[in-house]
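Single-structure report; data block below.
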There are 2 protein chains.
Amino acid sequence: MAGLHDVAKLSGVSKSTVSRVINNESGVKASTKEKVQKAIDVCGYVANQVARDLQSQKTNLIGVIVPRMYSNATAKGLDGLSSIIDQAGKYVLLANSQQNHAQEIEYIKRFNQKRVEGILLYATHLDSALVDAIKQSTAPVVLIGQDGSLFNIPSVIYDDLSVGFSAGQRLLAAGAANIVFIGVNSQDIAVDQCRFEGLRQALQHTKQLSPLFHSRGEFSIESGYQQAKQLLIDWPQLDGLFCATDRIAIGAMKAISESDKVPGKDIKVLGVGNDELSQVSTPSLSTFSYAFDLTGEKSANMLLDLIENKQSSVSKLVMSFEIIDRESC
Amino acid sequence: MAGLHDVAKLSGVSKSTVSRVINNESGVKASTKEKVQKAIDVCGYVANQVARDLQSQKTNLIGVIVPRMYSNATAKGLDGLSSIIDQAGKYVLLANSQQNHAQEIEYIKRFNQKRVEGILLYATHLDSALVDAIKQSTAPVVLIGQDGSLFNIPSVIYDDLSVGFSAGQRLLAAGAANIVFIGVNSQDIAVDQCRFEGLRQALQHTKQLSPLFHSRGEFSIESGYQQAKQLLIDWPQLDGLFCATDRIAIGAMKAISESDKVPGKDIKVLGVGNDELSQVSTPSLSTFSYAFDLTGEKSANMLLDLIENKQSSVSKLVMSFEIIDRESC
DNA sequence: TTGAAAGCGTTACCAG
DNA sequence: CTGGTAACGCTTTCAA
C-alpha cells in the first residue's frame, strides 16, 4: 500500500511537501501542488490515519458499550448519540457485552488501549468491580441508565422512582387496590428497584397500601406471559399490574386474556417505555414514554464536554418521562 | 501518560525487555519480570494500541455502516455480527448514515483511512457511485440486504423474489383476487422491486392476474396507514394487500379497521419481517420471518473469510425465510 | 517555497 | 537472557 514516501519519490519532492499538499496547507507552489496531486492519484494514495493518530496523540474515537442491540433504549439511543458524535467529527467504537458483566470491564480496558477519548456505557447494574474499572479508566466515562453519581461517575438516568410513583397513582385512580409489580433482575437498580420503590411509595402515601408482590423475570414478552400466568393463580384478588417494561406488560395482558379476566377492565395494566408494541396491542397499553434518542444525544454531549474541559458542568442528568394514556389503565 | 520508555527507566531495563514482559514472551528472567511488572503497576502503564497497530500494520477493526439503528434488521443483525467479530478478537467501528446516501460513500473512504480490515455495509440501494466507492475500497466490502453480485461485490441478501411469490400464492389461496402492493422507495431493489416482482409473477403464473397497483411510502406504521387509507378509496374492490414490511402492514390494517372492512376477512393482509408487532396486533399479522441475527453472523463470517483468504469461497449468500401463518391471511 | 530530521510508542531483529 | 537500533507512516519543527 502506497505511503507518503512513495508519493514523494514519484513526484520528486520531499515527504514534507507531500504532507503539506495532503493537509491542504498554504505555502506550496501551485505547480508542485499539481505535480503531487497527480502522483497521489496515480498510486492511489490513502492517508494512514493510524500513523496520524499516533503522531497527533488523538484518535477521535468514542467507545460505546451496550448490553444488547435489540432493545428500544439502545437502538434509539445509538441513533441519537451517533449523530452527535458524527457531528463532532468522531467515530463510534462499538462493543456489545451481550449481557455479560465481565465483558463490560474487559471492554473498558481494551478501549483504553485503543486510546478512545471517552466511553459511553449503557449499564444494567453497577457493582464495585465496575466502579473500580471506571475509576481506572483514563478515558472519561458517562454512565447511561444507572445512577453512578454516588461514586462520582457522570450519569444520565431515567426518572425511575417518579415513574413508579406515577404508576401507583394511576393504578389507584383507576380503582385498583391489589397491585403486583413485575420487575426484572434485582441487580438492576433502575428498572427493578427504583420503579418498584416508586410504586410502593405511591401506594403507601396515598392509601396506606402495600404492593402484594414483587415478581421478577426477564425483558421479554414470553417472560411477562409466564409470570402473569403464575400470578393469576397465586393472587386471585389481583386487580392492578405494573410491569417494568412494555414487553413484559404485553405478555402479561396475553396471560390475563387467556384467563377469564379482561385486561384494562378487571385488571388494570401499566408498562414503561412506550414501545411501538404498546400502541398496537389489544387493549392498547397505557405506559410511560422515555426519549431514548434524546438520552443518547445528551449523553454524547456530556461526554464531549468532559473530553473538552476535563470536567463536566453537570454530573447527573435525569431524563423525564411522559404519561401515555391508553386502554389498559 | 506513561509509555514503554517510562517503565523502562523506572525499572532500569531496556524498552525491549519491557515489551517482552508486556507481551508475555518467554525468555525473561523471573526476577526482572517481577521488577518490570512492579514498575508497570506503579506508573499505571497501559499499552498504546495505536502504536502497536502502526507497527504491526493491523488494526483489528471492522467497519460497519447502517442506514439507521432503530430497525429490526439492523439491531438484530448487529447483535449477530458483533458476536462473531468479537470472537475473532476484532472491533466494530460503527457508522450511521442516517439514510443519507452520500454519507455511505464518505464513510467507506474514512474507514479506509482508519485502515479497517473490512467493511460490512447494510444497503438500502445500490447506484453506480456506491459501486465505484466499493471498488475503490482497499478493505473488502460485504453488502447486506441488496444484491451486488452483478458488480462482483460479495453480498448477503434475503430471498425477496421468493417472498413476493409466496405472498402472491398465499393471498390467492386465501381467496383474494384484487391485490395491491405497498412498497417503499423504487431505489430499494430488494424490498420494493423484488418483492413486487415476486408477487406479480405469482399472480401471473397461477391465475393470469396482475396486481392492481404498486403504492409506495416509507418504512413506518404511519405511512402504511396513510397509504391504505387512500387505497381503500381508489380501489374499492381491494381484497388482498401485500406490504413490504410488517410495520407498513400494521398501519394498513388500522386503516382497514377504521373503514367498514375487516382485515383478515374482507381484505387479506400479509407483511414481511415477523416483527414482534405482528404477533401482538389485532388481527395478528401473517408474515414471513427472516433470520436477521443469523444474517449478521453469516455476513461477518464471509467478511472474515475475505480478509483471511483475500477471496471468499462464496460470493453471494441468499437467506431463506419462514412462512408465519396468523389471522390476517 | 522546500527539505532534512526528529519524534509519536511500539515491535523485531541482531548482537552481545 | 538483555540491550541497541531500525522500522511503521505520518507531522512538525528548524534551516535553507
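Values in this document were obtained by computation on a predicted structure and should not be read as measured data. Per chain, numbering begins at 1; letters A, B, ... match sequence-line order. All values below were derived from every heavy atom in this structure, side-chain atoms included, with hydrogens, water molecules and symmetry-related copies excluded.
Counting any heavy atom pair closer than 4.0 Å across all strands shown, A:Val13 reaches sugar-phosphate atoms only and no base atom. Contacts of B:Gly3 with the nucleic acid, taken as non-hydrogen atoms under 4.0 Å apart, involve only primed sugar atoms and P, OP1 or OP2. Note on A:Asp53: nothing from the nucleic acid sits closer than 4.0 angstrom, heavy atoms only.
One atom, CG of A:Asn23, and another, P of D:dT13, lie 13 Å apart when rounded to the nearest Å. If you measure from atom CG of B:Leu54 to atom P of D:dT11, you get 12 Å, rounded to the nearest angstrom. Residue A:Met1 contributes atom CE, which lies 21 Å from atom P of D:dA7 at whole-angstrom precision.
For A:Thr32, a side-chain nitrogen or oxygen approaches OP1 or OP2 of C:dT2 to under 4.0 Å. For the pair A:Asn48 and D:dC8, the criterion of a side-chain N or O lying under 4.0 Å from OP1 or OP2 is not met. B:Ser16 has no side-chain polar atom (N or O) that falls below the 4.0 Å cut-off from OP1 or OP2 of D:dG3. OP1 or OP2 of C:dG9 has at least one side-chain nitrogen or oxygen of A:Gln57 nearer than 4.0 Å.
Relative ring orientation between B:Tyr290 and B:Tyr158 is described as tilted, the plane-to-plane angle lying within the 30° to 60° band.
Checking C:dT10, C:dT1, D:dT2 against the side-chain heavy atoms of A:Arg115 singles out C:dT10 as nearest. Nearest nucleotide to the B:Ser14 side chain, out of C:dT10, D:dG9, D:dG4: D:dG4.
Here B:Tyr107 and A:Tyr91 keep their ring centres 6.0 angstrom or further from each other.
Evaluation of atom-type donor-acceptor distances gives no pair under 3.5 Å for the side chain of A:Thr17 against the base of C:dG3. For A:Arg20 against C:dG3, a side-chain N or O and a base N or O form a donor-acceptor pair under 3.5 Å. The base of C:dG7 is paired with the side chain of A:Gln55 by a donor and an acceptor separated by under 3.5 Å. Between the side chain of B:Ser19 and the base of C:dA12 there is no donor-acceptor pair of N/O atoms closer than 3.5 Å.
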Given side chain to side chain donor-acceptor pair (under 3.5 Å), test A:Thr17 with A:Ser14 step by step and report yes or no. CA-CA 5 Å; A:Thr17 304; A:Ser14 72; 3.3 Å; yes

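Under the 3.5 Å distance criterion, with hydrogens and angles disregarded, no donor-acceptor pair is assigned to the side chains of A:Gln49 and B:Arg115. Using modelled atom types, one finds no donor on one side chain facing an acceptor on the other under 3.5 Å when comparing B:Asp188 with B:Thr124.
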